[in-house]
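To start, the structure itself, in structure tokens.
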Amino acid sequence: MPELPEVEVVRRGLERWVCGRTVAAVDVLHPRAIRRHLAGPGDFAAQLVGRRLGTARRRGKYLWLPLETEGPTGPDRAILAHLGMSGQLLVQPHEAPDEKHLRIRIRFADDAGTELRFVDQRTFGGLSLHDTVPGDPEGLPDVIAHIARDPLDPAFDEAAFHAALRRRRTTIKRALLDQSLISGVGNIYADEALWRSRLHYDRSTATLTRPRSTELLTHIREVMNEALAVGGTSFDSLYVNVNGESGYFDRSLDAYGREDEPCRRCGTAMRRRPWMNRSSYFCPRCQRPPRPHAAS
DNA sequence: GCTTTCACCTGTGTGC
DNA sequence: TGCACACAGGTGAAAG
């Protein structure tokens, strides 16, 4: 499942293989893959043909490719991409057979012999075209202006994050998954960072002291950087980078998916609890529940 | 205004 | 063998 490290790996691949190339043709093979582009597949293709792609950018789990312009005001449009749960952006040779779940194909006006493919089994992801926030040097698409900066962004505001946590009347894992508070954290890295911080997922955000939230942020960054270093996390080949290679971080997970296995700190059997239509993995000894009856 | 719930999707695995 | 069902989970609209 692509979270921030996986998306960053894809961004780097796009930067290397796609940036600076000019779009020659676009095939939309499944309309759901561009459902956020309200004007439809024909408009999506027509607006892209002839445009040169700028440097790939990322905020949290969103990626975008600015469409270069000659004006001094920066890019005014950008292709926005979200991989959802199973999306892949692959750079493939023209002659490579179509993937079973190929949704969008973008061909380029050059002789490099490769094309960009958006492949997505569960169709939660997609591409779309948007105006950018006026004056934004990175060409941030307007529809994701509400997404918070991610913890690997040098401009991430730790003091504001802590203040927001204290203001909220919610629990810590919900807050970590709220992309308007902090972006890029999904179910896997939330469980990993909470385990490292010895925090229970149901702990109230209002009870977190500044040192505790600082420590949590440190662990979020650690686990993301470690995943980045090995190319992201992959469980079932649904996630691969732009060259089709899987990440290896799943071998290093301490919490996620380790139900009944011994905690790597204290040896207690790890537990899984249904949580918001998904699962939370935690150590019942290291990560004490906030209320005696809240977990067993 | 803030917080919580649910629909959207498809492939895989399990139990009967 | 075939069927029903649970599960994976990010996002945003709708409900509370």
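Only this structure's heavy atoms are used, side chains among them; waters, hydrogens and symmetry mates stay out. Naming convention: chains lettered A, B, ... in sequence-line order (proteins, then strands); numbering from 1 in each chain.
For A:D98 and A:R105, the salt-bridge test passes: some basic side-chain N is under 4.0 Å from an acidic carboxylate O. A salt bridge is defined here as a Lys NZ or Arg NE, NH1 or NH2 lying under 4.0 Å from an Asp or Glu carboxylate O, and A:E8 with A:R57 fails to meet this definition. Ion pairing of A:K61 with A:D150 is absent here, as no side-chain N (NZ or NE/NH1/NH2) approaches a carboxylate O to less than 4.0 Å. Between A:E158 and A:R221 there is a salt bridge, with a side-chain nitrogen of the basic residue lying less than 4.0 Å from a carboxylate oxygen of the acidic one. The pair A:R271-A:D260 does not count as a salt bridge, with every side-chain nitrogen at least 4.0 angstrom from each carboxylate oxygen.
Atoms CZ (A:R59) and C1' (C:dT11) sit 17 Å apart, rounded to a whole Å. As a whole-Å value, the separation of A:D150 CG from C:dG10 C1' is 16 Å. Between A:L165 atom CG and B:dC2 atom P there is a gap of 15 Å when expressed in whole angstrom units. Put simply, CD1 on A:I172 is 15 Å from C1' on B:dT3, counting in whole angstrom units. Taking atom OH of A:Y189 as the reference point, atom P of C:dG10 lies 12 Å away to the nearest angstrom. Rounded to whole angstrom, the span from the CE atom of A:M276 across to the P atom of B:dC6 amounts to 11 Å. One can place CG of A:L177 at 9 Å from P of C:dT11, the figure rounded to the nearest angstrom. Atom CG of A:L83 and atom C1' of C:dA8 are 16 Å apart (whole Å).
Shown here for A:P151 and A:S183, the closest heavy-atom pair between the two residues is CD-O, 3.3 Å. Considering all non-hydrogen atoms of both residues, A:L140 and A:W64 come closest at CD1-CH2, 3.5 Å. Closest approach of A:L89 and A:A81 over heavy atoms only: CD1-CB, 4.3 Å.
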Within the sub-3.5 Å range, which N or O atoms of nucleotides 12-16 of chain C have a protein N or O partner, and how far apart are they?
{"unit_1": "C:dG12", "atom_1": "OP1", "unit_2": "A:R36", "atom_2": "NH1", "d": "3.1"}
{"unit_1": "C:dG12", "atom_1": "OP1", "unit_2": "A:R36", "atom_2": "NH2", "d": "3.4"}
{"unit_1": "C:dG12", "atom_1": "OP1", "unit_2": "A:Y62", "atom_2": "OH", "d": "2.9"}

Are there any protein N/O atoms within less than 3.5 Å of an N/O atom in nucleotides 7-11 of chain B, and if so, which ones and at what distance?
{"unit_1": "B:dC8", "atom_1": "O3'", "unit_2": "A:R32", "atom_2": "NH1", "d": "3.1"}
{"unit_1": "B:dC9", "atom_1": "OP1", "unit_2": "A:R32", "atom_2": "NH1", "d": "2.7"}
{"unit_1": "B:dC9", "atom_1": "O5'", "unit_2": "A:R32", "atom_2": "NE", "d": "3.3"}
{"unit_1": "B:dC9", "atom_1": "O5'", "unit_2": "A:R32", "atom_2": "NH1", "d": "3.4"}
{"unit_1": "B:dG11", "atom_1": "O4'", "unit_2": "A:Q121", "atom_2": "OE1", "d": "3.3"}

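A:L38 belongs to no hydrophobic cluster with other residues, because no ILVMFWY side-chain heavy atom falls under 4.5 Å from its own, directly or through intermediates. Grouping Ile, Leu, Val, Met, Phe, Trp and Tyr residues whose side-chain heavy atoms lie under 4.5 Å apart, directly or via other members, places A:W195 in a hydrophobic cluster with A:M270.
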*In dot-bracket, 5' to 3', how would DNA chain B read with Watson-Crick or G-U wobble pairs under 3.5 Å, [ ] for crossing ones and | for pairs to another strand?*
.|||||||||||||||
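Residue A:Q179 places at least one side-chain N or O closer than 4.0 Å to OP1 or OP2 of C:dT11. When the side-chain nitrogen and oxygen atoms of A:R174 are compared with OP1 and OP2 of B:dT5, one or more of them lie within a distance under 4.0 Å.
For A:K61, counting side-chain heavy atoms from C-beta on, the closest listed nucleotide (C:dG10, C:dC7, B:dT5) is C:dG10.
Every residue meeting the side chain to side chain contact (heavy atoms under 4.5 Å, CB included) condition with A:T205, not counting sequence neighbours, appears here in chain and number order: A:L165, A:R168, A:T170, A:I172, A:A175.
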